[in-house]
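Scope of the values below: all heavy atoms of this structure, side chains included, with no hydrogens, waters or symmetry mates. All of these numbers come straight from a predicted model, not from anything done at the bench.
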Amino acid sequence: MSATPGTDAPGAWPALRRRATALSALLVYGGLVLGPPLALVLGALGSRGRDIDPMGLALAPERLGLLARSALASLCVAGLGVGIGTLAATWLYRRRTGLPGLARWAMLALAAVPWYVHALAWSRLMSALAGAVESLGLPPPPTTGTAIAVWVQAMALLPLAAGLSLIAVESVGSDLVDAGRTLAGDGAVIGRIVVPLARPALVAVAAVLFVLSLLDYSVPALFQVNVYALAVFARYSAGNDPVEALVTALPMIALAALAAWLAQRGLRRVAQWAPRSVRFGASPMRPAAPLRLLQGVAVVVLVAQIVVPMAGLLDSVGSGRALTMALSA
């Protein structure tokens, strides 16, 4: 006897259970993520006698100007990260053994290094370079400012940027790359096939870097740069009022939400061609000299991002043995 349509049909109960599980997970996620700010909003609406000036906290011209400068700096961080990460990824593409293969795992490990460690290491290096230049009778280069903060933030995010860019590049189908290599050089294949197909995912990577940079104030504060995230922290420290901090942060939240929305739009196109794996044993890409030079610079910067924090830690503790003892403790 055939099953009647409805809940008794074969497969109806597993599908209903999957929907219930997905709905439960969504409710838990929404409660954890949206619950605290929603509680603050309801508390602000239901409070009596609270004098909160949204125009002064979030929409004052000086606040919006600070937000614009912070957003521009974060765009520069995202551009640097994706640019260097993509160049390094096109060099690591189809290289899975030896030092290139080790670099893949090193990027994953170094993504967990706190930003402040990168900032202290680069600050120490720049101070040493400034002292060396000044000893030669030349004007020393600046060791603080927006440009330095942007560079250090980009270096702190470079392992994440390079790793995600490598995922985006390797998601491009090997059959398309191999077909293109029979008709044109590797440089043309990278510029006309690999990067255009990986562009939606690369835009998503840039959006992630932008949001992470926009929300950080530790690195800019170390290099004496005022950003909007620091203003939110200062507002909370001054009055110890989370509602005022939330109102102050609303423009930054809106900007981060816009970046996330743009990333989601790009990721919808990725489903048309991903996931596809890179064939093992395929020959690496060897573009012409100009692009190869840019790839070499990106790889050198990636190595510097590894060496500088480690050298800074060794210089701080005095010796490799002391560092090993500190880590083992």
Quiz item: Under the salt bridge (charged side-chain N to carboxylate O under 4.0 Å, His left out) rule, what pairs show up with a residue in residues 152-162, not counting sequence neighbours?
Solution: none
Quiz item: Which salt bridge (charged side-chain N to carboxylate O under 4.0 Å, His left out) pairs, counting each pair once, include a residue from residues 113-132, with sequence neighbours left out?
Solution: Arg124-Asp315
[Y] and [X], any side-chain heavy atoms less than 4.5 Å apart:
{"X": "Ile148", "Y": "Thr143", "value": "no"}
{"X": "Val133", "Y": "Pro141", "value": "yes"}
{"X": "Val219", "Y": "Asp216", "value": "yes"}
{"X": "Gln305", "Y": "His118", "value": "yes"}
{"X": "Pro251", "Y": "Leu255", "value": "no"}
{"X": "Leu64", "Y": "Pro61", "value": "no"}
{"X": "Leu120", "Y": "Leu222", "value": "yes"}
{"X": "Gln295", "Y": "Ile190", "value": "yes"}

Heavy-atom closest contact ([X] atom, [Y] atom, distance):
{"X": "Ala184", "Y": "Val189", "value": "O-CG2, 4.2 Å"}
{"X": "Leu302", "Y": "Ala88", "value": "CD2-CB, 4.3 Å"}
{"X": "Ala168", "Y": "Ala198", "value": "O-CB, 3.6 Å"}
{"X": "Ala256", "Y": "Val211", "value": "O-CG2, 4.0 Å"}
{"X": "Leu158", "Y": "Gly85", "value": "CD1-N, 4.2 Å"}
{"X": "Val232", "Y": "Thr248", "value": "CG2-CG2, 4.0 Å"}

Quiz item: Of Leu202, Leu209, Val205, which meets side chain to side chain contact (heavy atoms under 4.5 Å, CB included) against Leu164?
Solution: Val205
Exercise. Go through the steps for Met252 and Val227 under the test side-chain contact (heavy atoms from CB on, under 4.5 Å), then give the verdict.
Key: CA-CA 11 Å; Met252 187 172 63; Val227 292; over 6 Å; no
Quiz item: Taking Ser213 for the side chain and Phe210 for the main chain, is one N or O donor matched with an acceptor at less than 3.5 Å?
Solution: no
Quiz item: Does any N or O in the side chain of Thr90 come within less than 3.5 Å of the main-chain N or O of Leu87, such that one atom is a donor and the other an acceptor?
Solution: yes
Exercise. Would you sort out whether Met126 and Trp151 count as a side-chain contact (heavy atoms from CB on, under 4.5 Å), showing the intermediate values?
Key: CA-CA 12 Å; Met126 291 174 184; Trp151 174 261; 3.9 Å; yes
So how far is it from [X] [atom1] to [Y] [atom2], rounded to the nearest 0.5 Å?
{"X": "Met155", "Y": "Leu80", "atom1": "CE", "atom2": "CG", "result": "6.5 Å"}
{"X": "Leu72", "Y": "Leu214", "atom1": "CG", "atom2": "CG", "result": "11.5 Å"}
{"X": "Phe233", "Y": "Ser218", "atom1": "CZ", "atom2": "OG", "result": "11.0 Å"}
{"X": "Thr146", "Y": "Gln153", "atom1": "OG1", "atom2": "CD", "result": "10.5 Å"}
{"X": "Leu197", "Y": "Ile193", "atom1": "CG", "atom2": "CD1", "result": "7.5 Å"}

Quiz item: Would Tyr228 and Arg63 satisfy side-chain contact (heavy atoms from CB on, under 4.5 Å), going step by step from the backbone distance to the final call?
Solution: CA-CA 8 Å; Tyr228 199 90; Arg63 294 282 193 188; 4.2 Å; yes
So if you build clusters from Ile, Leu, Val, Met, Phe, Trp, Tyr with side-chain heavy-atom gaps below 4.5 Å, do [X] and [Y] land together?
{"X": "Trp122", "Y": "Val300", "result": "no"}
{"X": "Leu250", "Y": "Leu34", "result": "no"}
{"X": "Val303", "Y": "Ile84", "result": "yes"}
{"X": "Leu67", "Y": "Tyr236", "result": "no"}

Quiz item: Which hydrophobic side chains are connected to Leu32, either touching it within the sub-4.5 Å cutoff or through other members that do?
Solution: Val28
Quiz item: If you count the non-hydrogen atoms of other residues, nucleotides and ligands that lie under 6.0 Å from OH in Tyr217, is the total more than 12?
Solution: no
Practice problem: Walk me through it: do Leu157 and Trp115 pass the test side-chain contact (heavy atoms from CB on, under 4.5 Å)? | Solution: CA-CA 8 Å; Leu157 286 169; Trp115 291 21; 3.2 Å; yes
